[in-house]
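Shown next, in structure tokens, is the structure this report addresses.
All values reported here derive from a predicted model rather than from experimental measurement. Every chain is numbered from 1, with letters handed out A, B, ... down the list of sequences.
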Amino acid sequence: MVTATALEERLLELAGAVPDPELPVLTLRELGVLRAVRVHGGDGDTVEVDLTPTYTGCPAIEAMSLDIERVLRAHGMREVTVRTVLSPAWSTDDITAEGREKLREFGIAPPRVRHGDGPVPLALGPTRTRAPHTAHALSAAQDAHATDTAAEPLRCPHCGSADTELLSRFSSTACKALRRCLACREPFDHFKEL
Amino acid sequence: MTATGPAARPATGPAPVPVTAALALGDDALVLSHRLGEWAGHAPVLEEEVALANIALDLLGQARVLLSLAGDEDELAYLREERAFRNLQLVEQPNGDFAHTIARQLYFSTYQQLLYAELATGDGAFAPLAAKAVKEVAYHRDHAEQWTLRLGDGTDTSHERMRRACDALWRFTGEMFQPVEGLTADWARLEESWLESVTDVLGRATLPVPQGPRTGAWSAGAGRQGVHTEPFGRMLAEMQHLHRSHPGASW
């Protein structure tokens with residue numbers, strides 16, 4: 001059993017308070033990407049931080065590393081190393097409840113909580129060129145296909161309506177999809193379940 | 001002496017890296033990423049440009065991890081000659097029209113999802129990456145499937161173009177199931193699952209399953225041995241020329 005020292009707890013708190021470079025409403029702690037902080041050396045001023053990327057190719061990881069280094073150096077750490085760890089893989093379930101709430105307030109539909117591993121749940125709308133009856137059959141078939149679909153419906157972050165459609169599976173970043181609310185007509189980003 | 005965040009779970013020890021396999025998987029991801037990146041500024045609609053670029057970014061991230069397991073990522077990407085690349089011939093095929101790109105995505109992402117799902121379950125050197133990437137690839141495959149359905153079951157023109165694209169790339173798909181040194185996988189079962197999945201999507205898209213050979217004399221594929229098709233040299237020239245002209249340049 002390893003025990004964290006008071007210093008490590010404090011450094012974890014500091015690193016965790018760093019805002020996400022792409023979604024500055026969230027801190028790294030709320031995003032769930034900070035895995036561990038270890039202090040080495042007799043002088044207690046060498047620290048190693050474990051950080052996990054949301055997506056393998058997420059370019060924000062470099063900005064996060066630099067921000068963590070800056071903050072911990074400012075707190076008197078002489079040497080800061082940020083390691084990227086892949087395992088266990090980050091999941092949108094690692095986003096805290098307050099993180100989800102902040103995303104919603106920011107206008108991004110938060111990811112729904114997933115239950116176990118399996119196929120990635122997707123809300124599949126009809127293609128816009130398709131006749132309505134065929135479209136319904138297609139989306140019903142695919143709802144059945146997505147066995148892992150979260151129980152809660154995806155809601156518009158602006159008006160709360162569950163009546164939304166998918167515009168594009170990939171939005172401004174790989175982690176988001178672009179949707180439109182059919183009630184208030186506002187387009188919005190959805191943080192995809194991963 | 002460790003303070004752990006809420007997501008920390010026990011880590012597994014490092015496994016030895018089979019370099020040949022790291023290059024094969026890494027080059028698949030790198031080369032396809034570059035091909036998809038070529039759509040930037042050319043995709044039919046803005047949303048699609050963003051989608052293809054995001055898929056390319058996922059693949060580039062995977063390539064960086066895989067190539068770093070095999071050596072220096074930049075040296076491997078920018079300084080190897082064509083014959084040293086170990087990617088499948090499928091991924092180096094030119095983008096063609098949008099239907100060709102989607103057919104290539106359907107074939108490759110279905111393969112990658114099945115293979116990575118298998119690699120993720122073991123405790124090999126690729127398990128951590130595979131476990132992470134398989135979730136990203138599920139979205140790539142879904143994207144390709146939705147477009148295959150839309151184009152195949154669309155207008156006469158889109159149907160015909162999608163059919164032609166699926167036919168043209170079919171002969172490159174047998175290579176995917178040749179065993180790769182250092183990868184433990186049930187290749188016959190992977191191929192069976194792949195055929196089943198692709199047949200299902202094509203069927204729903206009202207497209208015929210291509211009839212041409214996937215293996216043997218009239219098929220293609222020796223990319224894993226470093227033999228590539230003619231367009232690959234030009235792609236590499238474009239990908240590597242800046243680094244070769246200005247070694248060590250940065251901004």
Side-chain angles (χ1 to χ4, degrees), chain A residues 2-5 7-13 15-16 28-29 32-40 50 52-53 55-59 61 84-91 93-94 96 117 119-120 122 124 127 129-130 134 138 141-142 167-175 177-178 192-194, chain B residues 1-12 14 29 33 45-66 68 113 117 120 127-143 145-147 149-151 153-155 158 200 204:
Chain A
V2 282
T3 343
T5 62
L7 176 62
E8 284 170 332
E9 292 287 3
R10 175 76 187 126
L11 295 177
L12 184 68
E13 206 175 290
L28 299 188
R29 185 186 65 78
V33 292
L34 201 57
R35 288 280 163 84
V37 169
R38 285 179 298 273
V39 172
H40 296 296
D50 285 355
T52 196
Y55 279 66
T56 318
C58 183
I61 193 104
T84 302
V85 294
L86 292 180
S87 185
W90 179 83
S91 151
D93 289 354
D94 295 336
T96 63
D117 286 330
V120 174
L122 288 170
L124 295 157
T127 55
T129 52
R130 197 171 282 278
T134 343
L138 179 72
Q142 297 197 330
L167 295 180
S168 179
R169 277 162 197 80
F170 297 88
S171 186
S172 52
T173 59
C175 57
L178 185 63
K192 289 182 286 194
E193 291 78 20
L194 187 76
Chain B
M1 296 281 282
T2 303
T4 49
R9 278 155 271 183
T12 49
S33 166
V45 289
L46 184 61
E47 286 84 355
E48 218 25 56
E49 178 158 318
V50 171
L52 293 171
N54 271 317
I55 294 172
L57 184 63
D58 283 346
L59 290 166
L60 188 62
Q62 295 161 18
R64 292 189 61 183
V65 173
L66 288 160
S68 296
Q113 190 181 10
L129 173 75
K132 179 153 193 64
V134 73
K135 300 195 288 177
E136 299 162 4
V137 173
Y139 280 101
H140 305 176
R141 205 201 60 80
D142 177 68
H143 171 264
E145 175 179 328
Q146 297 307 315
W147 270 113
L149 296 176
R150 192 155 170 184
L151 295 175
D153 193 11
T155 65
S158 73
D200 168 60
R204 280 188 283 125

Looking at CZ of A:Phe170 and CG of B:Leu57, how far apart are the two atoms once the value is rounded to the nearest 0.5 Å? 10.5 Å
Between A:Arg169 and B:Gln146 the two heavy atoms that sit nearest each other are NH2-CG, 2.8 Å
Between atom NZ of B:Lys132 and atom OG of A:Ser87, what is the distance when rounded to the nearest 0.5 Å? 10.0 Å
Between CD of B:Glu136 and OG1 of A:Thr56, what distance do you get to the nearest 0.5 Å? 3.0 Å
Most heavy-atom pairs under 4.5 angstrom with chain B, which of A:Ala174, A:Ala15, A:Pro59? A:Ala174
Where does A:Thr173 contact chain B at under 4.5 Å (heavy atoms): side chain, backbone, both or neither? backbone
Minimum heavy-atom separation for B:Val50 to A:Ser172, with atom names? CG1-N, 4.5 Å
Considering all heavy atoms of both residues, which atom of B:Val65 and which atom of A:Leu86 are nearest to each other, and what is their separation? CG1-CD1, 3.7 Å
So which residue, A:Cys58, A:Gly16, A:Pro53, ends up with the most heavy-atom pairs under 4.5 Å with chain B? A:Pro53
Under a 4.5 Å heavy-atom cut-off, does chain B meet the side chain of A:Thr84, its backbone, both or neither? neither
Examine whether an atom of B:Leu60 lies under 4.5 Å from a heavy atom of chain A, and if so say whether it belongs to the side chain, the backbone or both; otherwise answer neither. neither
